[in-house]
2 protein chains.
Amino acid sequence: MRKVTVYDVAELAGVSIATVSFAFTRPDKVKAETLRNVMAAADQLGYVPSASARGLARGRTGAIGIYSYDYLLDPDHDKPATDTRTPAPDGRLFPLYADEVQRGVQIECRRRGYALMLGGNRASDHLPHVIEVAGRVDGLIAFAGALTDGARRQVTARIPVVELGGLERDDARTVLVDNESGMFDLARHLVEQHGHQRFAYVGELGTEEFKARRRGFERALGAGGITVPDVVPAHAGDDASTLRAVAEILALPQLPDAIVCDTDQSALAAIVALRTAGLRVPDDVAVTGFDGILAGRLATPVLTTVLQPMEQVGRVAVEILAGAIDGRDDAGPALPLTCSLFVGSSCGTH
Amino acid sequence: MRKVTVYDVAELAGVSIATVSFAFTRPDKVKAETLRNVMAAADQLGYVPSASARGLARGRTGAIGIYSYDYLLDPDHDKPATDTRTPAPDGRLFPLYADEVQRGVQIECRRRGYALMLGGNRASDHLPHVIEVAGRVDGLIAFAGALTDGARRQVTARIPVVELGGLERDDARTVLVDNESGMFDLARHLVEQHGHQRFAYVGELGTEEFKARRRGFERALGAGGITVPDVVPAHAGDDASTLRAVAEILALPQLPDAIVCDTDQSALAAIVALRTAGLRVPDDVAVTGFDGILAGRLATPVLTTVLQPMEQVGRVAVEILAGAIDGRDDAGPALPLTCSLFVGSSCGTH
DNA sequence: CTCAGAAATCTAAGCGCTTAGATTCTTACT
DNA sequence: AGTAAGAATCTAAGCGCTTAGATTTCTGAG
């Protein structure tokens, strides 16, 4: 089953390969009758143009890559397919931030006629994983933290890169979300609508995003003339650390009115911990999260949180990347995307 | 920013391009010192090998494609990214069958070092969408029904194709799920464990899968000597049709003991309809589904259903495809993957 | 010190397409 | 009929890599 090429089609149609190429790429340049002949020949032979040859000749592949963390694919899947009997761990049941963003990317790629390449090959001995992806595409979207500085430098030397979140850099464009305002609005809601006075803050300051959330929190409390509590440390994605944080809060001389968590996942774990301790949410203490994941919307009580525009992040990233690929280097840094307050019932029944 | 090529690296390292190529692909064939030099030069220049050139020279791309339905990306997204304010419709909040399968594909691709190409370009005037994808990959995974006969013929002429579900064909391999046994087990459970006698069946017979489910149902009832009810028609994904079906059932002279729906989505809609009519599930009537989607597990009552091995479907598909790509045409049709009964509380409290 | 054989490297020919620029065929006028 | 301008088609030169097979360099036994 030798592969059918332009040469085969050209021969059958009785034209040159250039004409075949034109027939597919610029049909208006070809006489109607010739076009019909070529297409008939192609159809008869089952011709499928090679994207490799096309990409090489054109200097672009027509594809965009998305690169995220390896750990999104859980580790215990490093075994043959036939072993997979156990269902995925619970955390994975819900679409995560990265999934939602990817969806946005997918939608926008299709709109613009780009193929989407998912971070693919495992790292070979000499090429880091991301380089393998970078070689296949005209532009790369990367989640903050997924790229080492070295890798970013190397990749940006060849193709434009858009990073999602993190710090702004000069070698890559960045899509930012206004975490600070989001958290500000949330905290203000707690103060103004619910009259909460004593707060606890559970989370971390490990990335720009988390720092911004904290800033928004401090700003809102400051504006209300309320004492800003210290950060009770808990790491995103580590429920045990949230449980410890809640224990710490329960050991305080006085229970706070509200516990503000810097992720939904953490907030949900906190609610469980509080319940276990015999407390009612929100009656005894309010709890809020950040992100807007599905689990929060389905929880009881419905989690009050800050909704991130995840799908939009993905779409905007493609938009910017497409501009960069086409050489339109859209002026200046894009405005950060805005979050919206999502009021559930976990923040108080008022 | 001219692209860095093997030539540049070779020149800087003082070797031929062949040596550069060897350094990357078969490092053991190169003297240690040379290898170091080449790598240093590559690193210094920011060399990223072109997958297009590589694919052309090698005759394979190292990527696998997955092709599903366009309508999984909802239609109202055909507008610029900046307009996206409204959240996705509710149905999309949950990971669907296709998402779970894709996840399995993704995991297995990574394990095997394949890049994954998502159905990409919109159809051009002359090339159907799928052909664009097919030109980029060494093998294609397609959901049943996503491929027209013509497209399948054309694609299979160039690369191996694995279809997920549907009919077995001679030009493409197929990953099958044993829908019949799954539904058989479910129905038997209803009969034997709960002693249900009078049944209603809501669903359709539009595809092989649905027909198999119905067969399993008929077989189980037959085995129990129970009268098999007709299919009350309802279309997957169309909740309104389920509501009509429930109305039809409620109009019967006698309420059945159990309503067996051929999808979870339909079952969940049915539960809502029954509640609206003032009936309790499962006390007044039991309801069951098929698929094992997340929403069912989170519903109250928890939906009794048949769990499809979705992730495994994806993984097995890649496994088969990889075999076909390597010329190992693994003997015979693979066994259908088995479903498992998931007993919630919607089938009766017994 | 020689020389065969192995190891390392190089030369050169593609892989299947795109696309300037050259050539040939049409068409519409004079 | 003759011709110039367009339209249609063709020729041929890459695009950046891989890989036989040729060539050179190294190694160690005699």
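Keep in mind the model is a prediction, meaning the values are calculated, not measured. Chain naming here is simple, since letters A, B, ... match the order of the sequence lines and numbering starts at 1 in each.
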Legend entry - Presence of salt bridge, B:R173 and B:E163, under 4.0 angstrom: no
Inset, instruction - Could you check how far CZ of B:R136 sits from P of C:dC15, rounded to whole Å? - result: 22 Å
Inset, instruction - Establish, yes or no, whether a centroid distance under 6.0 Å links the rings of B:Y47 and B:Y7. - result: no
Inset, instruction - Under 4.0 Å between any heavy atoms, over every strand shown, what does B:T19 touch: base, sugar-phosphate, or nothing? Just pick one. - result: sugar-phosphate
Legend entry - Position toward the 5' end of DNA chain C (nearest nucleotide), B:S16 or B:R58: B:S16
Inset, instruction - Would you classify A:S52 as touching base, sugar-phosphate or nothing, given that sugar-phosphate means primed atoms plus P, OP1 and OP2, and contacts are heavy atoms under 4.0 Å? - result: nothing
Legend entry - A:V6, nearest nucleotide to its side chain (from D:dT18, C:dT9, C:dG16): C:dG16
Inset, instruction - Measure from CZ on A:F24 to C1' on C:dT19 and round the result to the nearest Å. - result: 17 Å
Inset, instruction - Check the distance between D:dT23's P and B:K29's NZ and give it to me in whole angstrom. - result: 20 Å
Legend entry - DNA chain D: 5'-proximal contact among B:S21 and A:D28 (nearest heavy atom): A:D28
Inset, instruction - Could you tell me whether A:R112 and A:E108 make a salt bridge, using a distance below 4.0 angstrom between a side-chain N and a carboxylate O? - result: yes
Legend entry - Euclidean distance, atom CZ of residue A:R54 to atom P of D:dC15 [Å, nearest integer]: 19 Å
Legend entry - Atom-pair distance (CG on A:L56; C1' on C:dG14), nearest Å: 12 Å
Legend entry - Atom-pair distance (CD on A:E33; P on D:dA8), nearest Å: 12 Å
Inset, instruction - By nearest nucleotide on DNA chain C, pick out whichever of B:A57 and B:K31 is the more 5' one. - result: B:K31
Inset, instruction - To the nearest Å, give me how far apart CD1 (B:I17) and C1' (C:dC15) are. - result: 13 Å
Legend entry - Nearest-Å distance for atom pair CG/P, residues B:L35 and C:dT9: 10 Å
Legend entry - side-chain N/O B:T34 vs C:dT9 OP1/OP2, d < 4.0 Å: yes
Inset, instruction - Map A:A18 and A:A32 onto DNA chain D by nearest heavy atom, then report which one ends up closer to the 5' terminus. - result: A:A32
Inset, instruction - Please work out if B:V20 contacts a base, only the sugar-phosphate, or nothing of the nucleic acid, heavy-atom cut-off 4.0 Å. - result: nothing
Inset, instruction - Measure from the side chain of A:F22, starting at C-beta and using heavy atoms only, and say which of D:dC17, D:dG14, D:dC10 lies closest. - result: D:dC10
Inset, instruction - Have a look at B:R60 and say if it touches a base, only the backbone sugar-phosphate, or nothing, with a 4.0 Å heavy-atom cut-off. - result: nothing
Legend entry - Side-chain ion pair, B:D326 and B:R60, N-O less than 4.0 Å: yes
Legend entry - Side-chain donor/acceptor of B:D171 to backbone N/O of B:T156, under 3.5 Å: no
Inset, instruction - Test for a donor-acceptor pair under 3.5 Å between the base of C:dC17 and the side chain of A:Y7, counting only N and O atoms. - result: yes
